[in-house]
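Accompanying notes for the structure given below.
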Amino acid sequence: MHRRTPLRAAPARTLPLATALAATALLLTALAACGTEEAGDAARGAASASTRTPLDDPGKDGVRVTSLTLPNASPSPTPSRRYSVTADKLDLGGDSGISAAYEITNSGTENFTYTVGVTFTSGDGGAMGGGTATVRDVAPGKTVRGSVRAGALPPTTPRITGAKVSEVAKVPAAEAQAAPGTCPSSGVRVSTDKGDAAMGLRVVGLHLDNCGTHDYQVEGYPVLQLLDNSREPIESVAILRGSRQITTGITGDGPPRPVTLKPGESATASLVWRNTTDLGTPVTAPYARVRAKTGAAPVMLPEHIDLGTTGKLGVTPWAKPEH
């Protein structure tokens, strides 16, 4: 009968004290770094997380909203170290962080510049906010994509659950307004302001800026043509020289005078009409084609001129702003 010889543990080797302390410090540093990175990544991931919901918006004129993105609220850690987030009652310090993705398909035969309006809606379909985007020079048959932000919203805004295309304006790219900060080959830029409306009276300012390198001269009235949804001329509206037949309260509606704009100078004119509805069919012109003067390059402006049944629109002459 054989007896088993007990196994003896190998003698433990003792690390030098300095080596042991260095190894311990290195291990603690690594653990601390890992802990910091994990917590930081989790916090950053939760703070930047958002919820993207596909939407089935029928759209308008080749433009549709495809999805809605809602940012998550600030994370609230639980004892299990998981995060619970919600998109209700967001307050992001000036910007809601809400956006809608859209796509534009040009089914026409020429390049178009699109202005897209998107409305953000609550659960009952109410409009809670809106945003716009301009997409330039979309070629025939092409599809382009982008997004519109809702911007700042009051803290009391109900929860946003949807978005839809509310307005589409498209103009031939060759007649589109110049992009901000650019100057067209003509050397002059034509644009409009937001306008003013009171008691049915509408006034929209036309602006003519000499962004070129040579003097530019005009004398008289802008050349104006109102267009329908198909960008065809509306013949039923009379374009008047001056606004006296509509109102006598428009500043600058005097006799036309020669105006010379040096590089960097501007002139203004006004479009004036009343949105009065009486007998007849109301007329709304979604576009206005404007030339600074006869023979000048046309600029098509998406203006939504709601003329009611008045059948007339007044145009004041170009004049330099009074200082």
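By convention here, the first residue in the shown sequence is residue 1.
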Taking transitive links into account, so neighbours of neighbours count too, which hydrophobic residues share a cluster with Val223 at under 4.5 Å side-chain distance? none
Taking only residues two or more places apart in sequence, or in another chain, which ones meet Thr113 in a side chain to side chain contact (heavy atoms under 4.5 Å, CB included)? Thr134, Arg136, Val171, Ala173, Ala176
With salt bridge (charged side-chain N to carboxylate O under 4.0 Å, His left out) as the rule and sequence neighbours excluded, what pairs involving residues 295-307 come up? Arg202-Asp306
Considering only residues two or more places apart or on different chains, which pairs with a residue in residues 255-264 satisfy salt bridge (charged side-chain N to carboxylate O under 4.0 Å, His left out)? Asp215-Lys262
Under the side chain to side chain contact (heavy atoms under 4.5 Å, CB included) test, residues paired with Ser166 that sit two or more places apart: Thr119
Can you give each donor-acceptor pair under 3.5 Å made by side-chain atoms of residues 235-242, sequence neighbours left out, with the distance rounded to 0.1 Å?
none

Side chain to side chain contact (heavy atoms under 4.5 Å, CB included) filter on Glu167, not counting sequence neighbours, yields none
Who pairs with Lys312 by salt bridge (Lys or Arg N to Asp or Glu O under 4.0 Å), at least two apart in sequence or on another chain? none
Please name all residues satisfying side chain to side chain donor-acceptor pair (under 3.5 Å) with Thr143, sequence neighbours left out, ordered by chain then number. Thr105
Residues two or more places apart in sequence or in another chain: which of them pass side chain to side chain donor-acceptor pair (under 3.5 Å) with Thr132? none
Co-members of Leu279 in a cluster of I, L, V, M, F, W and Y side chains, linked at under 4.5 Å: none
According to the side-chain hydrogen bond (donor to acceptor under 3.5 Å, both in side chains) rule, which pairs have a member within residues 175-190, sequence neighbours left out? Glu175-Arg289
